[in-house]
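Written out below as structure tokens is the structure these notes cover.
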Amino acid sequence: MLSIRNIGKTYPNGTAALREITLDVGAGEIVAVVGGSGSGKSTLLRLISGLDHPTSGTIDVDGTRIVAPHPAVGIVFQEPRLLPWLTVEGNVGFGLAHLSRPERRHRVHQALKRVGLADYALRWPRELSGGQSQRVAIARALVARPSVILLDEPFSALDAFTRVELQDHLLEIWADTRPTLVLVTHDIEEAVALASRVVVLRPFPGRVAQVSDVKLARPRDRLSHSFDDEKRAILSALDTTLARRAPPAA
Ligand SMILES: Nc1ncnc2c1ncn2[C@@H]1O[C@H](COP(=O)(O)OP(=O)(O)OP(=O)(O)O)[C@@H](O)[C@H]1O
Ligand SMILES: [Mg+2]
């Protein structure tokens, strides 16, 4: 369980990125976060990951206060951020130096198998497609067996076909071990396809404008009318936040 309490974040330059964010995400839940550019989505994920600190408020994962990067929380960024001088295997196992070699190999191969890249362990990052690289980044997040995985627009750099393929793949991985997922996306269809709840943020400063349940059974049919209805509801909430957006203070 991820518990976010009254989070505020003001950057040292005075930018108020987030104000009074409170959100509980249940164990095994998938929550999507959408919102206009600058509404604080990436900031929120960085705070949950422990890579940055809130100015006020608290974040707990399974009762543990997050004050620094923690093995219970994994993160996948928009770009795969693979280390070019390490093989796929080396990249995925990078954070497991504390484990014995056989245990590390076992974990790495398990994670690569789960993302469908069992045969790619010895490849170099430059030999991978964009979609494959992002799968490696997901394997790297999975390998530490986190209870929460944060994804910041993980598929936005991919073509539409690969994107849908990886979304479905992410759902399979999720169904396997049921980690909690927090997915930042600007793709409303992605949010409705994956999430059980969609959080709409409003910018300047980033606040929660709306939280809506996606009341669709799984597997979800992207072509159904009810899918369209859910998309439209989120789009209209998003429209409201953008129309009412106040310009940032000069
Ligand atoms: N390191 C930083 N220092 C100062 N201000 C920052 C920093 N990072 C982000 N900001 C500001 O904080 C606000 C929120 O930024 P953030 O990157 O979280 O938005 P976002 O919702 O992820 O936007 P996008 O959709 O464009 O990725 C913006 O106004 C941004 O300019
Ligand atoms: Mg961002």
Side-chain angles (χ1 to χ4, degrees), residues 1-26 29-61 66 73 75-78 148-157 163 167 180-216 220 226-250:
M1 156 109 171
L2 165 65
S3 179
I4 299 168
R5 288 277 163 275
N6 300 314
I7 282 293
K9 174 67 179 177
T10 301
Y11 283 105
N13 70 358
T15 304
L18 292 173
R19 183 191 288 166
E20 288 291 313
I21 307 280
T22 292
L23 181 71
D24 280 329
V25 185
E29 194 185 352
I30 305 178
V31 164
V33 179
V34 300
S37 187
S39 58
K41 305 181 295 296
S42 297
T43 300
L44 180 62
L45 286 203
R46 274 205 307 275
L47 297 179
I48 300 172
S49 72
L51 289 170
D52 198 357
H53 304 288
T55 320
S56 57
T58 56
I59 297 166
D60 295 274
V61 171
I66 299 298
V73 184
I75 188 160
V76 177
F77 299 97
Q78 181 174 354
V148 177
I149 300 178
L150 311 170
L151 303 114
D152 194 353
E153 305 201 24
F155 309 136
S156 63
R163 188 154 65 224
Q167 288 164 0
T180 304
L181 300 184
V182 181
L183 169 77
V184 165
T185 180
H186 60 242
D187 180 348
I188 307 299
E189 176 167 327
E190 180 167 294
V192 173
L194 299 180
S196 60
R197 275 192 299 160
V198 179
V199 177
V200 178
L201 293 185
R202 168 200 299 275
F204 307 122
R207 290 148 293 160
V208 176
Q210 179 182 299
V211 181
S212 47
D213 293 320
V214 180
K215 297 173 284 297
L216 298 173
R220 293 178 177 169
S226 45
F227 193 97
D228 253 0
D229 291 342
E230 295 284 353
K231 259 167 70 179
R232 211 168 302 126
I234 292 158
L235 266 176
S236 86
L238 209 51
D239 265 0
T240 321
T241 67
L242 299 178
R244 286 194 199 143
R245 168 163 103 179

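- Side chain of T185 to main chain of A191: no donor-acceptor pair is present (N/O by atom type, distance under 3.5 Å, no hydrogens or angles).
- Counting only distance, with no hydrogens or angles, the side chain of R197 and the backbone of A195 share no donor-acceptor pair below 3.5 Å.
- Minimum heavy-atom separation, S39 to G36: OG-O, 2.7 Å.
- With rounding to the nearest 0.5 Å, the separation of CZ in F77 from CG in L150 is 9.0 Å.
- Between R5 and D24, some side-chain heavy-atom pair lies under the 4.5 Å cut-off.
- Looking at Q78 and P154, their side chains never come closer than 4.5 Å, going by heavy atoms from C-beta outward.
- Using a distance-only test at 3.5 Å, with no hydrogens or angles considered, a donor-acceptor pair links the side chain of S196 to the main chain of I30.
- Here K41 pairs with nothing under the salt bridge (charged side-chain N to carboxylate O under 4.0 Å, His left out) rule; sequence neighbours left out.
- Put simply, CD1 on I48 and CD1 on I149 are 13.0 Å apart, with the number rounded to the nearest 0.5 Å.
- Going from atom CG of L238 over to atom NZ of K231 covers 13.5 Å, rounded to the nearest 0.5 Å.
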| task | Go through the steps for V200 and T241 under the test side chain to side chain contact (heavy atoms under 4.5 Å, CB included), then give the verdict. | result | CA-CA 8 Å; V200 178; T241 67; 3.9 Å; yes
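- Closest approach of K9 to P54, counting heavy atoms only: CD-CA, 4.3 Å.
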| task | I would like to know whether T22 and I7 meet side chain to side chain contact (heavy atoms under 4.5 Å, CB included); could you show each step before the answer? | result | CA-CA 7 Å; T22 292; I7 282 293; over 6 Å; no
| request: Go through T240 and Q210 one step at a time and tell me if the side chain to side chain contact (heavy atoms under 4.5 Å, CB included) criterion holds. | output: CA-CA 10 Å; T240 321; Q210 179 182 299; over 6 Å; no
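- Between D152 and V76 the shortest side-chain heavy-atom distance does not fall below 4.5 Å.
- The number of heavy-atom neighbours closer than 6.0 Å to CZ of R19, taken from other residues, nucleotides and ligands shown, is 12 or below.
- Once rounded to the nearest 0.5 Å, the distance linking CD1 of I59 with OG of S49 reads 8.5 Å.
- Between the side chain of E230 and the backbone N or O of K215 there is at least one donor-acceptor pair closer than 3.5 Å.
- Under the 4.5 Å side-chain criterion, counting only non-hydrogen atoms from C-beta, L18 is in contact with L44.
- With a 4.5 Å cut-off on side-chain heavy atoms, I66 and D60 do not count as touching.
- Side-chain contact check for T43 and Y11: at least one donor-acceptor pair (N or O, by modelled atom type) lies under 3.5 Å.
- For the pair P205 and A16, the tightest heavy-atom approach, listed with the atom from each and the gap, is CB-O, 3.3 Å.
- Under the 4.5 Å side-chain criterion, counting only non-hydrogen atoms from C-beta, R207 is not in contact with L201.
- Here the straight-line distance linking atom CD1 of I21 with atom CG of N6 works out to 10.0 Å at 0.5 Å rounding.
- Counting heavy atoms from C-beta outward, L151 and L181 have side chains that approach closer than 4.5 Å.
- Atoms CD1 and CG, from I234 and D229 in turn, are 11.0 Å apart once rounded to the nearest 0.5 Å.
- With contacts defined as side-chain heavy-atom distances shorter than 4.5 Å, the pair T10/T15 does not qualify.
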| field | CA sep, side-chain torsions, deciding dist, call: V192, E189, side chain to side chain contact (heavy atoms under 4.5 Å, CB included) | value | CA-CA 5 Å; V192 173; E189 176 167 327; 5.9 Å; no
